[in-house]
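Every number for a ligand or one of its atoms is a count from 1 in the order of the listing.
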Amino acid sequence: MKLVALPAFSDNYIWLLHDGQRALVVDPGQAQPVLDALQRLSLSLEAILVTHHHADHVGGVAGLREATGAAVYGPAREAMPQPLTLLKGGEHVTALGLQFEVIDVPGHTAGHIAYFCREPGDLAPLMFCGDTLFSGGCGRLFEGTPLQMLGSLQTLAALPGNTRVCCAHEYTLSNLRFAQAVEPANAELSAYIERCQALRAQQLPTLPSTLALERQINPFLRSGEPQVMAAARRFDPEAQGPVACFAALRQWKNQF
Ligand code: ZN
Ligand code: FE
């Protein structure tokens, strides 16, 4: 199996997974980058997985369905370009002979789902998390509450540490600037920033990340750590428990 990040718009990635013949894509906000890759790699598109309803994730679905006949899967609780197979947490999708578990991750949008594949052939486990978890950050809360988003992030963070985190945006460097303001003494974070700066200087993706790394550097997965809670309280002295500290962090990041 091969995993490829196809750049789209200014900072989206459309994830392409293929076995040399058959392919699936996740969140094709545009059709053309996918059509180009299918032609370049001589692949046939078998499936399209969608995490949530935003235009930069679904804009290419209708065009790709028409051009390739691929099966489309998406969240049951969001308005999606029909026809497609509707999915809820706990259900499974089979594509490329692999099984993908559907996980409900409300917060960025109300019906957002993620896809987790425990055994993608010869690769480490894969997670396609849309705009829920980013490297060093998390999605904005457009439709959900801090409690929902924190629960969603905790569900994802509990998956195996070697899971590849396939996020839908290259937001890493700006997220890490904020992470460093929260935890200036985090040595793993400083080392990771240097690695990401080197990648971006060569126009290479910083993704996929891994869950083990995110648990060490991502303030939104660390909102229960004493030093992260203390930082959140410097922004909002009223923030008390884990959910309030998480909400304060998200608010701080919004205006950072
Ligand atoms: Zn979105
Ligand atoms: Fe997005």
* Asked: Do Asn186 and Gln227 touch side chain to side chain, with heavy atoms closer than 4.5 Å?
  ->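 Side chain of Asn186 against side chain of Gln227, heavy atoms only: no contact under 4.5 Å found.
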* To do: Decide yes or no for Leu176 and Cys196: does some side-chain heavy atom of the first lie under 4.5 Å from some side-chain heavy atom of the second?
  =>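 A side-chain contact under 4.5 Å exists here.
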* To do: May I have the step-by-step check of ring-ring contact (aromatic ring centres under 6.0 Å, His included) for His54 and His108, ending in yes or no?
  => CA-CA 10 Å; His54 285 160; His108 177 67; 4.8 Å; yes
* Atoms (protein N, O or S; no water) under 2.8 Å from the Fe ion (ligand 2) ->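 For the Fe ion (ligand 2), the figure is 4.
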When rounded to the nearest 0.5 angstrom, what distance separates [atom1] in [X] from [atom2] in [Y]?
X	Y	atom1	atom2	answer
Gln216	Glu225	CD	CD	10.5 Å
Leu35	Leu45	CG	CG	8.5 Å
Ile113	His52	CD1	NE2	11.0 Å

* Partners of Ala191 by side-chain contact (heavy atoms from CB on, under 4.5 Å), sequence neighbours excluded? ->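 Expected list: Arg195.
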* Report the residues that fulfil side chain to side chain donor-acceptor pair (under 3.5 Å) with Asp19, sequence neighbours left out, ordered by chain and then residue number. =>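 Partners of Asp19 by the side chain to side chain donor-acceptor pair (under 3.5 Å) criterion, ordered by chain and then number, come out as Arg22.
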* Asked: Could you walk me through whether His169 and Phe134 pass the ring-ring contact (aromatic ring centres under 6.0 Å, His included) check?
  -> CA-CA 7 Å; His169 289 273; Phe134 294 123; 5.7 Å; yes
* Proximal protein heteroatoms (N, O or S) of the Zn ion (ligand 1), under 2.8 Å ->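 As for protein N, O or S atoms lying under 2.8 Å from the Zn ion (ligand 1), they are His52 NE2, His54 ND1, His108 NE2, Asp131 OD2.
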